[in-house]
2 protein chains.
Amino acid sequence: MELDDNGRQLLDQLFDKWSLLVLDALCDRPRRFNELRQHLPAVTPKSLTACLRRLERNGVIERVILSTEPVAVEYRISPLGRTLQAPLQTLLRWVGDHLNTVEASRSRYDQRRAGVAGETPQHVRAS
Amino acid sequence: MELDDNGRQLLDQLFDKWSLLVLDALCDRPRRFNELRQHLPAVTPKSLTACLRRLERNGVIERVILSTEPVAVEYRISPLGRTLQAPLQTLLRWVGDHLNTVEASRSRYDQRRAGVAGETPQHVRAS
DNA sequence: CAGTATCCCACAAGATACTG
DNA sequence: CAGTATCTTGTGGGATACTG
């Protein structure tokens with residue numbers, strides 16, 4: 001499965017810092033801007049806006065202006081975005097299922113690096 | 001499916017600029033450093049090293065020193081990494097399958113933005 | 001061959017304040 | 001409420017050169 005430049009770039013946009021969480025939240029149900037802000041831990045309005053615009057541009061979410069009183073804005077997962085749900089879930093599942101394993105691996109790795117006697121690299125030793 | 005901070009961070013590390021391509025390449029077969037360099041378009045040794053270390057630390061690949069003459073280094077997918085293959089493929093498939101749709105969506109989005117008369121934003125108009 | 005070492009810059013993103 | 005505007009910093013990553 002070869003992936004070209006465009007593909008990699010798309011993945012970057014779909015999997016940047018907040019996108020995944022946003023997508024996940026919107027797969028559940030439509031949300032308002034400030035709803036999302038609360039849902040995500042400590043995202044600044046600027047970052048959230050950028051993220052939402054990117055996702056909208058890529059067609060996986062929709063920005064809907066509700067003709068309520070007063071006017072409100074709502075973000076929804078798009079049909080295209082919906083087709084991403086399954087792959088996403090699979091991945092999120094994997095991360096959830098293997099977090100402990102990965103943590104363990106990291107500890108082992110760091111241990112090994114710290115423990116290499118006679119060759120202790122400067123950037124590792126001391127405080 | 002709620003994803004905590006650790007989970008998001010792990011995803012970041014697994015899906016940074018080069019990791020996916022590396023993982024994909026190594027799922028195919030083990031590779032040497034310079035093999036990977038050639039396989040990936042224009043990656044600098046520094047970036048590749050960083051990427052490989054990260055993946056190794058997370059336990060999804062293994063760095064193997066071959067006792068050949070002269071000594072060589074080889075990178076392999078680990079058993080843990082192998083369990084990522086399926087989810088990864090699913091995702092790569094999705095990207096491949098929907099690249100055109102996404103491109104179209106982007107064009108529409110940009111068109112819409114450029115076409116809003118009477119309100120043309122400075123950062124869009126002119127050269 | 002398999003990396004390190006430096007220098008540098010672009011850009012993501014945080015903090016904070018302001019607005020239609 | 002749903003953002004935009006500035007300012008600033010951290011860091012990923014490119015370019016380039018060097019090394020065991």
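Order of the sequence lines fixes the chain letters, A, B, ..., with proteins taken first and strands second; residue numbering starts at 1 for each chain.
- In this structure, B/Arg8 places its CZ atom 9 Å from P of C/dA13, rounding to the nearest Å.
- With C/dG14, D/dG14, C/dT16 as the candidates, the nucleotide lying closest to the side chain of B/Trp18 is D/dG14.
- Contact annotation: B/Arg37 does not reach the phosphate of C/dC1 (side-chain N/O to OP1 or OP2, under 4.0 Å).
- Protein atom CG of B/Asp12 is 12 Å distant from nucleotide atom C1' of C/dA12, rounded to whole Å.
- For B/Arg29 and B/Glu35, the salt-bridge test passes: some basic side-chain N is under 4.0 Å from an acidic carboxylate O.
- Rounded to a whole Å, the CD1 atom of A/Ile65 is 11 Å from the C1' atom of D/dA2.
- Every pair passing salt bridge (Lys or Arg N to Asp or Glu O under 4.0 Å) that includes a residue from residues 37-55 of chain A is listed here, sequence neighbours excluded: A/Asp16-A/Arg54.
- When the side-chain nitrogen and oxygen atoms of B/Arg53 are compared with OP1 and OP2 of C/dA2, none of them lie within a distance under 4.0 Å.
- For the pair B/Arg32 and C/dA2, the criterion of a side-chain N or O lying under 4.0 Å from OP1 or OP2 is met.
- For the pair A/Leu48 CG and C/dT16 P, the interatomic distance rounds to 18 Å; values are reported in whole Å.
- The base of C/dG14 sits within donor-acceptor range of the side chain of A/Lys46, with an N or O pair under 3.5 Å.
- Not one N or O on the side chain of A/Ser105 forms a donor-acceptor pair closer than 3.5 Å with the backbone of A/Thr101.
- Rounded to whole angstrom, the span from the CG atom of A/Leu40 across to the C1' atom of C/dA13 amounts to 14 Å.
- In the set D/dT16, D/dG13, C/dA2, C/dA2 carries the atom at the smallest distance from any side-chain atom of B/Arg63.
- When both pairing distances are held under 3.5 Å, C/dG14 makes a Watson-Crick or G-U pair with D/dC7.
- Computed from coordinates, the B/Phe33 CZ to C/dT4 P distance equals 8 Å when rounded to whole Å.
- Contacts classified as ring pair (Phe, Tyr, Trp, His ring centres under 6.0 Å) and involving residues 12-32 of chain B (residues at least two apart or in different chains) are given here: A/Phe15-B/Phe15.
- Regarding B/Phe15, its CZ atom lies at a distance of 18 Å from the P atom of D/dG12, rounded to whole Å.
- Between B/Asp12 and B/Arg8 a salt bridge is recorded (basic side-chain N to carboxylate O distance below 4.0 Å).
- Taking 4.0 angstrom as the limit, B/Tyr75 places a side-chain polar atom (N or O) nearer than this to OP1 or OP2 of C/dG3.
- Between the CG atom of B/Asp16 and the P atom of C/dA13 there is a distance of 13 Å, rounded to whole Å.
- For B/Arg54 and D/dT11, the shortest distance from a side-chain N or O to OP1 or OP2 is not below 4.0 Å.
- For D/dG13, neither phosphate oxygen OP1 nor OP2 lies less than 4.0 angstrom from any side-chain nitrogen or oxygen of B/Ser47.
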